[in-house]
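One structure is given here, and the rest of the page talks about it.
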Amino acid sequence: MSLAQEHCPAVVSPLNDAELAALLQQVQGWSVQAGKLVKTFRFANYYETLAFVNASAFISHREDHHPELHVSYNACQVAYDTHSVNGLSRNDFVCAAKLDALI
């Protein structure tokens, strides 16, 4: 099963270095910055950007896992981390893969 087909489990643990490296290979264009899983999505205009934001909000609500979003005219930067583990968990990568599947 691919990450995009998974759902976020309610109980998670922080990723170790090997798990983190393996999961990073499964999500293209994402990187770890300041302890968060980050990617900037680019669009043609504000309408497309907000359509992405709205679709990501639906995913976040359904998975009960919410990122930080920084929205501009033609871009949206997404930053995931898992507050309950004070770092990154599998949930961050599951949601990242789901956002990638939108594009």
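Counting from 1, the numbers follow the sequence of the chain as shown.
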Next on the checklist: Applying a strict under-4.5 Å side-chain criterion to I, L, V, M, F, W and Y, I'd like to know whether Phe58 and Leu69 cluster together.
Outcome noted: no
Checklist entry - Among the clusters formed by ILVMFWY side chains lying less than 4.5 Å apart, do Tyr73 and Ile103 turn up in the same one? => result yes
For a quick test of reading the model, state the closest non-hydrogen atom pair linking [X] to [Y] and the distance between them.
X	Y	value
Pro67	Tyr80	CB-CE2, 3.4 Å
Glu63	Cys8	OE1-N, 2.7 Å
Ala4	Lys98	O-NZ, 2.8 Å
Val27	Ala96	CG1-CB, 4.2 Å
Gly29	Lys39	O-CG, 3.6 Å

Item to check | Phe43 vs Leu50, side-chain contact (heavy atoms from CB on, under 4.5 Å): CA-CA, chis, key distance, verdict | outcome: CA-CA 10 Å; Phe43 304 96; Leu50 287 187; over 6 Å; no
Do [X] and [Y] have side-chain heavy atoms sitting under 4.5 Å apart?
X	Y	value
Val94	His65	no
Tyr46	Asn74	no
Leu37	Leu24	yes

Which value, rounded to the nearest 0.5 Å, describes the distance between [X] atom [atom1] and [Y] atom [atom2]?
X	Y	atom1	atom2	result
Leu23	Gln26	CG	CD	5.5 Å
Leu88	Phe93	CG	CZ	5.5 Å
Leu102	Ser56	CG	OG	7.5 Å

Checklist entry - How about Asn86: does its CG atom have over 12 heavy atoms from other parts shown lying under 6.0 Å from it? => result no
Checklist entry - Counting only heavy atoms not in Asp17, do more than 12 sit closer than 6.0 Å to its CG atom? => result no
Item to check | Derivation of the side-chain contact (heavy atoms from CB on, under 4.5 Å) call for Asp100 and Leu3 | outcome: CA-CA 10 Å; Asp100 283 345; Leu3 282 171; over 6 Å; no
Checklist entry - Ignoring hydrogens and geometry, is there a side-chain-to-backbone donor-acceptor pair from Glu48 to Ala44 under 3.5 Å? => result yes
Checklist entry - Ignoring hydrogens and geometry, is there a side-chain-to-backbone donor-acceptor pair from Gln25 to Ala22 under 3.5 Å? => result no
Next on the checklist: Val12 vs Ser84, test: side-chain contact (heavy atoms from CB on, under 4.5 Å). Steps then yes/no.
Outcome noted: CA-CA 8 Å; Val12 293; Ser84 63; 4.2 Å; yes
Checklist entry - side-chain contact (heavy atoms from CB on, under 4.5 Å) between Trp30 and Val78: does it pass, once the steps are laid out? => result CA-CA 9 Å; Trp30 291 83; Val78 180; 3.9 Å; yes
Item to check | Whether Phe52 and Phe41 hold their rings parallel, tilted or perpendicular, with breakpoints at 30° and 60° | outcome: tilted
Checklist entry - Sequence neighbours excluded, which residues qualify as side-chain hydrogen bond (donor to acceptor under 3.5 Å, both in side chains) partners of His70? => result none
Next on the checklist: By the salt bridge (charged side-chain N to carboxylate O under 4.0 Å, His left out) test, which pairs, at least two apart or in different chains, include something from residues 68-93?
Outcome noted: Glu6-Arg90, Lys36-Glu68, Lys36-Asp81
